[in-house]
Amino acid sequence: MHGRPRKAYKPEEEAASASKAVKLRSLQTQFMSNHHHKIYTKEAIDLSTKLLEINPEAYTAWNYRKLAVEDTLSGEESNQDLVKSILDEELKVVESALRQNFKSYGAWHHRKWVLSKGHSSVGNELRLLDKFQSLDSRNFHAWNYRRFVVELTNRSKEDELKYTEDMISKDFSNYSAWHNRSVLLSSFLARKAEGFMPNEKIPEEYKLVHDAIFTDEDDQSGWFYHLWLLDQTVNVETPLLTSSWPSHARCLNDSSSSKLTTFCSESGSFPLILYFDQAVGGVSSSSVAVDSELRGNEDLVWEPVSNKNSQVASVWVARLNYMSSEPCFPKEYKVKVRIGNSPGIVSSRGCNFSTPYEFVFTAHVHDTVREDSQEVIVSWTDGFDIWDAQSKDLNFLVNLDQQMGLKWRQVAIEEEIELFRALSDSKIGKLTLARLLMAKAMISESGVKGVHYEEILELYSDLMVLDSSHYRYYKDEHSVALLHKVTSSTASLSRHLFQYRDMNNSICLRLNNLSLSRIASVEKLLFVQMLDLSHNELHSTEGLEAMQLLSCLNLSHNRIRSFSALDSLRHLKQLRVLDVSHNNIGEHSVDTTRYLCSSPLSNSEWTEDEVGRQMPSLVTKYWDAYFVLRELNLKQLDILGNVIAGDEFSSFVPQVVPKLVWLDGQKLRS
Amino acid sequence: MSDLPPYPPLDPTTYDLIIVGTGVSESILSAAASSSGTSVLHLDPNPFYGSHSASLSLPDLTSFLHSNSLSPPPPPPSDTPDFLSVDLATRSLYSSVEIATFDSSILDERHSRKFNVDLCGPRVLFCADESINLMLKSGSNNYVEFKSVDASFVGDSSGELRSVPDSRAAIFKDKSLGLMEKKQLMKFFKLVQAHLAAAAASSTESDEGAVKIAEEDMESPFVDFLAKMPLPPKIKSIILYGIAMVDYDQDNVEACGDLLKTREGIARLALYITSIGRFSNALGALIYPIYGQGELPQAFCRRAAVKGCIYVLRMPITALLLDKASELIVVETGGYKGVRLATGQEIFSQKLILDPCITVGSESMSSLTDQQKETLRVLVPKSISSEGKIARGICIIRGSVKADISNALVVYPPKSLFPEQLAAIRVLQLGSGLAVCPADMHVLYFSTVCENDDQGKAALLSAMSTLIKPQVPENLQSDSAVENDTAEAAKPVVLWRALYVQAMVKGEFGGSISSAASPDGNLSYNELVESAVKLYEQLMGSEELFKEETSPDNTTEEENDGGVEIEA
């Protein structure tokens with residue numbers, strides 16, 4: 001139960017508990033001996049009953065009973081009366097154990113096990129649950145078991161939904177009831193059941209939760225449900241394509257005058273990037289049709305861009321070859337990409353990509369030789385010109401598809417914003433308002449007026465001061481909002497775009513000195529080839545993996561603490577220049593992220609490669625650097641100003657990155 | 001009374017204390033005195049327990065209201081050689097008694113015994129109030145069972161009843177409050193709770209930084225404090241009249257008979273808040289005794305009887321006996337010796353407590369010495385109007401004032417029904433679940449404090465016409481006019497109605513002869529209990545009530561069909 005202070009034991013209670021312990025210990029010893037010797041006689045089973053009556057937490061005893069039941073029933077399956085009487089006895093033992101402690105995991109689990117045998121009356125279970133739930137309406141074990149029992153019975157989901165409503169109106173400080181409501185509603189909404197159309201039901205649910213939040217804004221349960229509703233309002237179940245590179249009607253020049261899309265490639269291919277609003281699987285040459293005049297692209301290989309080795313990702317990339325054996329001369333090639341006409345793309349929640357989408361772009365191929373430029377050191381301080389982007393140059397900005405029934409979502413969010421301005425004097429009120437404003441920005445057509453980025457930023461700034469224990473979360477959200485703001489219009493993005501003279505006038509996006517702690521809005525930045533993120537507060541490069549065109553990246557003066565935090569860069573096949581100077585790499589010898597990465601101990605890969613054989617001790621020492629760097633094709637690396645930097649590391653790096661020309665501003669070889 | 005067989009003479013004839021009247025105050029006093037070892041003779045001129053707090057059948061109620069407004073029978077000739085005898089008179093507490101039967105079948109034999117109608121309604125108990133504490137302390141809770149009042153409403157002239165959002169869950173469920181109003185109201189409740197918690201903590205240890213209402217606010221008018229919070233008028237009205245149960249219009253300082261201070265207002269909210277959830281079976285703050293309010297005095301009387309108190313009903317007293325010679329007067333008794341019963345028997349005691357309607361006429365007083373006058377001073381009738389009057393009404397209705405709800409309280413705040421409405425009108429509907437009426441009916445109790453009979457009755461009639469279908473004399477009943485109005489058609493029909501105005505008499509300690517308090521105009525017994533406790537302390541010299549009693553039987557009670565058994 002909740003809110004009951006723990007009292008110190010009185011001497012007589014202590015004595016009682018001591019004698020109970022003695023009794024328990026002797027029972028336990030006898031029981032364990034029975035268990036080891038697989039004794040399933042009636043006396044032995046009774047002994048376990050006695051043990052469980054005193055201590056329902058003795059899970060070994062529950063497991064023993066399962067074995068005992070199996071043993072007794074083996075070969076007797078046809079004897080219905082025996083089966084029933086034995087299982088009923090188990091239910092009785094569980095019930096008395098639950099009376100002792102109705103939060104015993106083992107007891108509830110045993111009950112599930114008995115019930116799943118299918119010989120017991122399920123109606124009885126609901127009555128028992130009502131009793132336990134009236135004792136403590138928030139007991140999540142009981143709620144859990146309730147869902148299990150309801151699955152077994154014909155009890156309608158509508159009745160269960162009504163039940164959650166009753167429990168909530170008795171006392172709305174009941175996470176379990178709200179949670180069960182969200183579980184039940186999810187299935188109704190997904191089925192679009194009668195009376196549960198999202199555009200009608202979700203606004204109703206908002207009204208219900210408003211009553212809870214406004215009655216007692218200090219109670220968290222309502223806020224949690226509100227967050228779930230907001231999620232239902234913003235997120236569309238079926239996956240959508242948010243952006244692509246190249247985007248529709250672009251002219252793709254291989255080193256020519258058009259600035260934004262000039263792309264220089266040594267490999268004779270260029271990437272085709274699809275960015276979805278959620279992780280999807282099944283992107284392949286059969287689900288995505290690419291008609292191109294470029295030969296040799298009949299069977300494109302689509303790869304998920306994901307740090308986990310999974311087959312779902314929100315970013316997918318394929319490489320289109322344009323070099324062929326025949327001599328190259330300037331030519332235009334039209335490429336047409338069609339998605340969603342044939343099935344196959346499925347979200348991780350199991351929803352099909354069902355909105356057909358098609359885009360066409362033109363690739364101009366020029367043959368250029370520019371070997372010398374690759375030897376020139378890239379400087380992040382000079383050589384930049386202001387670039388006066390025209391809106392036509394930046395029409396990559398994505399327009400949301402109006403088919404997804406955005407209208408009710410926008411109306412609902414707008415109403416929520418109006419309402420929650422009244423609660424913005426509390427922390428959770430501020431956070432919710434910021435989330436709502438952000439949601440509004442996300443489901444508004446881009447460039448639409450009335451998105452209050454300034455207000456969002458101010459709210460998160462306030463929260464960082466008011467609630468310092470969650471500072472990092474607010475900081476991250478602040479960064480996300482700031483990046484949304486920067487990428488929200490051509491005008492605002494242009495302020496950060498420059499041309500780098502020394503590299504073919506490549507477009508450089510400079511997002512330095514913005515105190516960013518997290519990267520976002522990458523879907524709008526797929527065209528960027530040079531990115532300056534220096535002088536921020538970044539801890540990781542997560543998100544950058546989608547920027548497949550990126551060739552130069554400046555991460556100096558950030559808060560990166562290990563090479564593992566750069567893991568996502570491994571996906572950037574074009575990356576040549578990387579500046580991670582003045583970070584905290586190597587500051588912590590124990591890196592928690594390493595548990596998420598492949599560990600050197602379990603990986604035999606490196607012991608077989610050349611560097612691994614030549615200097616196993618350095619590889620072991622710098623294993624996280626090794627795993628990232630060996631997959632990058634770097635020509636220039638800056639690592640100065642990190643704990644890890646030093647002579648030893650400087651000697652190690654060129655071994656791992658053989659093509660490296662510049663290390664910390666020094667040319668390695670002529 | 002003459003057809004009753006004559007009583008055998010009482011024995012013994014001398015007691016520590018004689019109490020006349022079995023109302024709530026008198027019964028508490030007799031139970032308390034008996035428990036402390038005092039010998040008590042408890043008399044009542046009526047054939048039932050409860051006096052002005054009794055619950056009666058309709059004919060008994062009618063005759064009680066009427067008989068009390070008549071003069072008592074002439075006392076038998078006084079012929080006492082040893083004592084000076086002072087004849088007693090009975091004044092009626094009730095005036096303007098008006099009883100109407102609209103459906104004569106209600107008085108049929110099959111119905112008549114199913115009614116247990118309160119004389120002092122509307123009245124309920126707060127789960128955390130002093131009367132409950134006293135019952136638990138005395139053990140008289142064993143003789144009564146309660147049920148919850150299911151709902152509480154605030155009404156107005158439109159006829160709409162809005163439920164009183166008196167708890168967190170009720171505020172959550174309320175459909176008529178706006179979201180900001182919910183927020184403001186709950187914030188206010190939290191402030192009160194924090195204040196109470198801080199006050200409780202500071203009584204044991206000094207607790208700095210705890211939220212407390214400022215001392216200067218505590219002395220300010222409650223209505224100003226509510227406005228300062230700031231609470232909108234609608235919510236202010238709900239708190240004042242629907243929860244704090246204030247009588248007079250707090251927004252009108254000139255006309256307001258009693259401007260409530262914040263301290264008192266917070267205390268009333270505290271009572272309400274602590275009442276909710278005190279007993280696991282009680283739904284809200286209010287409970288009502290099954291079989292009517294008359295059960296309460298009876299429970300205390302039973303407790304007294306267990307402790308040795310002697311009970312005689314149907315036994316009026318006719319005269320007081322005083323010492324004849326002034327030189328014989330014992331200072332403690334002020335010359336009081338005893339009483340003469342209607343049977344003529346003389347009974348003696350140290351002290352005497354009388355029903356509030358017993359007085360001594362001024363002509364009897366004129367022949368007495370100053371000291372004797374002093375002894376009898378509490379019996380001299382004061383001008384009743386200055387004490388305040390309570391207009392009461394009872395309606396037996398078919399149907400309910402609110403669909404699906406049987407037991408409910410309705411409050412009409414001042415000015416809510418008509419502009420001249422001075423004080424709140426409270427209405428209590430009770431159903432057959434409480435064993436007060438037949439199954440298809442409800443009893444409605446109305447009350448309001450008033451300055452004069454006409455004003456009070458006009459106010460009650462206004463509330464009645466808002467809740468109940470207007471009366472159509474039986475012979476004129478037809479299917480015309482009113483029946484077409486669906487709102488009117490849905491209203492319950494009145495079958496029987498009583499209207500009367502009760503005078504309020506405060507309890508008074510007078511040395512050897514004291515007077516108990518009459519029922520007051522409040523919804524609860526709190527002030528009545530308070531005055532009884534005070535009187536007891538004066539009588540017994542600051543001795544605590546029921547100090548010996550601790551309910552030792554902590555037997556686990558069985559849950560029975562929604563009944564509330566109160567237990568410590």
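Below, chains carry the letters A, B, ... as their sequence lines are ordered, and counting in each starts from 1. Worth saying up front: this structure is predicted, and the values here are computed from it rather than measured.
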Basic-acidic side-chain contact under 4.0 Å: B:K183, A:D216: no
Any side-chain heavy-atom pair of B:R168 and A:F172 under 4.5 Å: yes
Heavy-atom pair count under 4.5 Å with chain A, highest-scoring of B:K187, B:M180, B:K182, B:K173: B:K182
B:L179 CG to A:E217 CD distance, which is reported to the nearest 0.5 Å: 11.5 Å
Over 12 foreign heavy atoms within 6.0 Å of NZ, A:K201: yes
Over 12 non-hydrogen atoms of neighbours within 6.0 angstrom of CG in B:D404: no
A:F188 atom CZ, neighbour heavy-atom count above 12 within 6.0 Å: yes
Closest non-hydrogen atom pair, A:S169 against B:A169: O-CB, 3.6 Å
Over 12 non-hydrogen atoms of neighbours within 6.0 angstrom of CD in A:E204: yes
Engaged part of A:L419 at the chain B interface, taking heavy atoms whose separation is under 4.5 Å: side chain
Atom NZ of B:K234: over 12 foreign heavy atoms under 6.0 Å: yes
Portion of B:K190 that has a non-hydrogen atom of chain A nearer than 4.5 angstrom: side chain
Between CZ on residue B:F172 and CG on residue A:D219, distance to nearest 0.5 Å: 10.0 Å
